[in-house]
Amino acid sequence: ENFDYIFYRRLDGIPKLIKLKDDLKLVFDQTQTKPLSELIDYLKNNRCLVILDDVHNIFKTGDLAGQYLSEFKDYSRFFQDMATLSHQSCLILISWEKPQQINQLEAEKFNVKTLHLSGLGEDAREILKEKGLKDEDQYLQLINLYQGNPSWLNIIALTIKDYYNSQFSRFLEEDELCLEGIEMMLENHLERL
């Protein structure tokens, strides 16, 4: 209710910035009588929340964290503009890595904040409940085992549902950390490191 528009976009398909901007402007153009030339102009005139997820996909692997792939360097300028130009909107970046200029923008006291997430904690119960896992009294044990990571919990919950008839207690009897379905995600993390 605090925003006129809320946009959520995953960068897993890695859209070029021009495509992302065109998509956002298209939404604005449907609701406004006078089209504007630049996306930042829309963000000045409207209170928007723009959420970009999987931002790490526009960064190089095997290099210092937050280094842009050459074809995505224009995102750097966009993030810089969002932090330094006057507007009434908010940009949230969700990433395994922090874009290289964020530390500098934070140090220069722009309205830039970094929040390190350590897992969902007790709120992860909803994921397990939604997947239909039994033994709710033992949910916390599974949440702690997988550090409250929502992606990992979704994968493990489906594994428990498929192989253990949704009975978490049977899964725990195996007495080992199940990484089925998580290996590729962990390999991606390690490759980036």
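Note: hydrogens, waters and symmetry copies are ignored here, and every other heavy atom, side chains too, is used. Note that the coordinates shown come from a computational prediction; the quantities given were computed from them, not determined experimentally.
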*Taking the side chain as every heavy atom from C-beta outward, state whether Val55 and Phe79 have any pair of such atoms under 4.5 Å apart.*
yes
_Side-chain heavy atoms of Arg9 within contact of Asp23, under 4.5 Å_ = yes
*May I ask you to decide if Ser151's main-chain N or O and Asn149's side chain share a donor-acceptor pair within less than 3.5 Å?*
yes
*asked:* As an exercise, state the distance from CD of Gln88 to CG of Asn2, rounded to the nearest 0.5 Å.
replied: 12.0 Å
_Distance, nearest 0.5 Å, that separates NZ of Lys129 from NZ of Lys134_ = 16.0 Å
*Min side-chain heavy-atom separation Leu17-Arg77 under 4.5 Å*: no
*Name the orientation class of the two ring planes belonging to Tyr68 and Phe59 (parallel below 30°, tilted from 30 to 60°, perpendicular beyond 60°).*
perpendicular
_Working for side chain to side chain contact (heavy atoms under 4.5 Å, CB included), residues Ile18 and Asp74_ = CA-CA 9 Å; Ile18 189 74; Asp74 52 351; 5.7 Å; no
*Give, for atom CG of Leu153 and atom CG of Leu133, the distance between the pair rounded to the nearest 0.5 Å.*
9.5 Å
_Least distance between heavy atoms, Lys21 atom then Phe78 atom_ = CE-CD1, 3.9 Å
*Quick one: do Leu85 and Tyr75 end up in the same hydrophobic cluster if we chain Ile, Leu, Val, Met, Phe, Trp and Tyr together by side-chain heavy atoms under 4.5 Å apart?*
yes
_Between Lys98 and Glu106, does any side-chain N to carboxylate O distance fall below 4.0 Å?_
yes
*Is it the case that more than 12 heavy atoms not belonging to Asn111 sit under 6.0 Å from its CG atom?*
no
*asked:* Can you see whether Phe72 has Lys16 sitting over its ring - NZ or CZ less than 6.0 Å from the centre and within 45° of the normal?
replied: yes
*asked:* Quick one, Gln141 and Leu145 - any side-chain contact, counting heavy atoms below 4.5 Å?
replied: no
*Closest heavy-atom pair and its distance - Glu136, Arg125*: O-NH1, 3.4 Å
*Hey, are the side chains of Asp53 and Tyr8 touching, using non-hydrogen atoms and a 4.5 Å cut-off?*
yes
*Stepwise side chain to side chain contact (heavy atoms under 4.5 Å, CB included) check, Ser86 with Lys44*: CA-CA 7 Å; Ser86 177; Lys44 287 178 183 177; 5.6 Å; no
*Ile94 versus Ile51: any side-chain heavy-atom pair under 4.5 Å?*
yes
*Looking only at heavy atoms, what is the nearest atom pair of Ala83 and Phe110, with distance?*
O-CD2, 3.5 Å
*Spell out, yes or no, whether Ile127 and Leu158 are grouped together once hydrophobic residues are joined by side-chain heavy atoms under 4.5 Å, including indirect joins.*
no
*Taking everything shown except Glu71 itself, do over 12 heavy atoms lie less than 6.0 Å from its CD?*
yes
*Please name the pair of heavy atoms, one in Lys25 and one in Leu39, separated by the smallest distance, quoted to 0.1 Å.*
CD-N, 4.1 Å
*asked:* With rounding to the nearest 0.5 angstrom, report the CG to CE distance, Leu93 to Met82.
replied: 9.0 Å
*Does Gln100 offer a backbone N or O that forms a donor-acceptor pair with the side chain of Gln67 under 3.5 Å?*
no
*Would you say Ile6 and Val27 are hydrophobically clustered, going by side-chain heavy atoms of ILVMFWY under 4.5 Å?*
no
*Output yes when Arg47 and Asp4 qualify as a salt bridge under the 4.0 Å nitrogen-oxygen rule, no when they do not.*
no
*Search all heavy atoms of Leu43 against all heavy atoms of Val50 and return the closest pair with its distance.*
CD2-CG2, 4.3 Å
*Can you tell if the side chain of Ser89 reaches within under 4.5 Å of the side chain of Asn46, non-hydrogen atoms only?*
no
*Do you know which two heavy atoms are closest between Cys48 and Phe3, and how far apart they sit?*
C-CD2, 3.4 Å
*Check whether any side-chain heavy atom of Leu142 lies under 4.5 Å from a side-chain heavy atom of Ile160, and answer yes or no.*
yes
*Any sub-3.5 Å donor-acceptor pair from His56's side-chain atoms to Ser95's backbone N or O?*
no
_Rounded at 0.5 Å granularity, tell me how far CZ in Phe7 sits from CG in Leu20._
9.5 Å
*Using modelled atom types only, decide if a donor and an acceptor are shared between the side chain of His87 and the backbone of Ile40 within a distance under 3.5 Å.*
no
*Does any N or O in the side chain of Asp54 come within less than 3.5 Å of the main-chain N or O of Asn57, such that one atom is a donor and the other an acceptor?*
no
*Report the distance from atom NZ of Lys113 to atom CG of Leu115, rounding to the nearest 0.5 Å.*
11.5 Å
*asked:* Is there a path of hydrophobic side-chain contacts, each under 4.5 Å between heavy atoms of I/L/V/M/F/W/Y residues, joining Leu120 to Trp152?
replied: yes
